[in-house]
Amino acid sequence: MNILVLGRGKTGSLVAEVARRRGHSVQVAGAVENAACAALTPEKLRGIDVVIDFTAPSCVVGHIEACVAAGKNMVVGTTGWHGEVDRIRQLVENHGTGFVYAANFSVGVNLFLEVARAAAAALRHDYSGQIFERHHVHKKDAPSGTALAIRRVISESSGEKKDQLEITSFREGDVVGMHEVVLESAADRIYLCHDAKSRQGFADGAVRAAEWLAGKKGFYDFKDVWREL
Ligand SMILES: NC(=O)c1ccc[n+]([C@@H]2O[C@H](COP(=O)([O-])OP(=O)(O)OC[C@H]3O[C@@H](n4cnc5c(N)ncnc54)[C@H](OP(=O)(O)O)[C@@H]3O)[C@@H](O)[C@H]2O)c1
């Protein structure tokens, strides 16, 4: 495929490397080339099969609007915009493009979400719950999109209110991403933890999601499709 990666940062550069290794033709646009969506005009996107975005919360919605208007499929890893997910879903459906997004593209975290979903039963048995997340000091959004996704699956599964679980965010050194769920009763504590060792899992998942999306239309959450990769 011809892939345009948006973002030359920590994750975008690894996505480009993984995509080339998997045999794709890859272009990359960073903040300078893509100021005010300059790299996302219909002419510039001609010949591109899919755009993969790992940029920043402040610009990602503009990128999505430009790519969808140009009829291009997208894989979006950038976080911090999920409050607009319903509007973007509508936009994608209106334009008949394909779109996969995730707060976390690693298969390990998506398995972890299922473990958390199962453990949420504790909240119906006199347990209280807390979520802790740790990331590097440069991370722009807090709480992390993954922590919000964990809270969402736990509240969906337990039937408890969405805002009930407290999320505590730590920003330390160069931590790639650690998420913990602690469930506590008078009798015991349950600890669940996912600790990303590198960004490799995010990059692999995003490129494989782009391959999965080829020839498809529709709006997909990676947590619902990763088993099909
Ligand atoms: N879903 C997942 O699995 C996952 C995994 C990791 C990270 N993320 C998310 O992905 C995003 C990026 O994370 P990161 O750790 O890679 O951050 P990062 O190292 O800060 O990289 C962000 C890059 O975006 C570039 N950028 C900013 N505005 C741009 C624009 N308008 N067009 C093109 N590029 C632009 C920046 O370019 P300059 O260097 O030129 O300023 C920077 O290199 C964050 O929202 C993070 O939460 C998601």
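Just so you know, ligand 1 is whichever comes first in the structure, and atom 1 is the first atom listed for that ligand.
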Open item on the list: Please classify the Ala31 to ligand 1 contact at 4.0 Å (heavy-atom distances, strictly less than): side chain, backbone, both or neither.
Closed with: both

- [ ] Report yes if some N/O of His63 lies less than 3.5 Å from some N/O of ligand 1; otherwise report no.
- [x] yes

Task: Rounded distance (nearest 0.5 Å) linking atom NE2 of His63 with atom CG of Leu40 - done: 6.0 Å

Task: The one among Val60, Val28, Thr55, Val76 that brings a heavy atom closest to atom 11 (C) of ligand 1 - done: Thr55

Open item on the list: Does only the side chain of Ser144 get under 4.0 Å from ligand 1, or the backbone, or both, or neither? Count heavy atoms.
Closed with: neither

Task: Lys217 with Glu93: basic N within carboxylate O range, under 4.0 Å - done: no

Open item on the list: Distance alone, cut at 3.5 Å: any donor-acceptor contact between the side chains of Thr79 and Asp141?
Closed with: yes

Task: Pair Lys44 + Glu33, salt bridge at N-O below 4.0 Å - done: no

TODO: May I ask you to decide if Ser106's main-chain N or O and Asn110's side chain share a donor-acceptor pair within less than 3.5 Å?
DONE: yes

- [ ] Under 4.0 Å, heavy atoms only, figure out whether ligand 1 is touched by the backbone of Glu33, its side chain, both or neither.
- [x] neither

- [ ] Run the numbers for me: atoms of ligand 1, each under 4.0 Å from some heavy atom of Ala29, listed by number.
- [x] 33 (C), 34 (N)

TODO: Would you check the N or O atoms of Ala56, main chain and side chain alike, for any that come under 3.5 Å of an N or O of ligand 1?
DONE: no

TODO: State the atoms of ligand 1, each with its element, that fall below the 4.0 Å cut-off from a heavy-atom position in Gly77.
DONE: 1 (N), 2 (C), 4 (C), 8 (N), 9 (C), 10 (O), 48 (C)

- [ ] Identify which of Val75, Thr11, Val176 has a heavy atom lying nearest to atom 14 (P) of ligand 1.
- [x] Thr11

Task: Short N or O distance, Leu6 and ligand 1, threshold 3.5 Å exclusive - done: no

- [ ] For atom 4 (C) of ligand 1, grab the closest protein heavy atom and report residue, atom and distance to one decimal in Å.
- [x] Phe54 CE2, 3.5 Å

TODO: Would you check whether Ala103 has a nitrogen or oxygen atom less than 3.5 angstrom from a nitrogen or oxygen atom of ligand 1?
DONE: yes

Open item on the list: Taking 4.0 angstrom as the limit and counting only heavy atoms of Phe105, give me the atoms of ligand 1 inside it, by number and element.
Closed with: 1 (N), 2 (C), 3 (O)

- [ ] Salt-bridge test for Lys223 and Glu114: reply yes if a basic N is under 4.0 Å from a carboxylate O, no otherwise.
- [x] no

Open item on the list: Determine whether a donor-acceptor pair (N or O, by modelled atom type, separation under 3.5 Å) exists between the side chain of Asp49 and the backbone of Ile3.
Closed with: no

Open item on the list: Can you confirm whether more than 12 heavy atoms, excluding those of His138, are under 6.0 Å from its NE2 atom?
Closed with: no

TODO: Taking only heavy atoms of Phe202 into account, list the atoms of ligand 1 that are under 4.0 Å away from them.
DONE: 3 (O), 5 (C), 6 (C)

Task: Gap separating the OG1 atom of Thr78 from the CD1 atom of Ile64, nearest 0.5 angstrom - done: 8.0 Å

- [ ] For Cys59, take its heavy atoms, then give the atoms of ligand 1 lying under 4.0 Å from any of them.
- [x] 28 (N), 29 (C), 30 (C), 31 (N)

Open item on the list: For Glu156, is there an ion pair with Arg152 - N to carboxylate O distance below 4.0 angstrom?
Closed with: no

- [ ] Measure centre to centre between the rings of Trp226 and Phe105, then say whether the value is under 6.0 Å.
- [x] no

Open item on the list: Please classify the Ser106 to ligand 1 contact at 4.0 Å (heavy-atom distances, strictly less than): side chain, backbone, both or neither.
Closed with: neither

Task: Residue among Phe222, Phe54, Trp81 satisfying ring-ring contact (aromatic ring centres under 6.0 Å, His included) with Tyr101 - done: Trp81

TODO: Find all atoms of ligand 1 within a distance of less than 4.0 Å from any non-hydrogen atom belonging to Gly7, and give their numbers and elements.
DONE: 24 (O), 25 (C), 33 (C), 34 (N)

- [ ] Assess whether atom CG of Asp174 is packed by more than 12 heavy atoms of other residues, nucleotides or ligands within 6.0 Å.
- [x] no

TODO: Evaluate the 4.0 Å heavy atom contact test for atom 31 (N) of ligand 1: does a protein atom fall under the cut-off?
DONE: yes

Open item on the list: Below 4.0 Å, non-hydrogen atoms only: which portion of His138 touches ligand 1? Side chain, backbone, both or neither.
Closed with: neither

Task: Element-labelled atoms of ligand 1 that are located less than 4.0 Å from some non-hydrogen atom of Lys139 - done: 47 (O)

Task: Minimum-distance protein heavy atom relative to atom 18 (P) of ligand 1 - done: Lys10 NZ, 3.6 Å

Task: Closest protein heavy atom (residue, atom, distance) for atom 46 (C) of ligand 1 - done: Thr79 OG1, 3.8 Å

Open item on the list: If I apply the N/O under 3.5 Å rule, does Gly9 come out as touching ligand 1?
Closed with: yes

- [ ] Return a yes/no value for Asn34: is any of its N or O atoms, backbone included, closer than 3.5 angstrom to an N or O of ligand 1?
- [x] yes

TODO: Hey, could you give me the SG/CG distance between Cys37 and Leu6, rounded to the nearest 0.5 Å?
DONE: 8.5 Å

Task: N-O pairing of Lys139 and Glu133 below 4.0 Å - done: no

TODO: Assess Gly80 for proximity to ligand 1: is some non-hydrogen atom of it under 4.0 Å away?
DONE: no

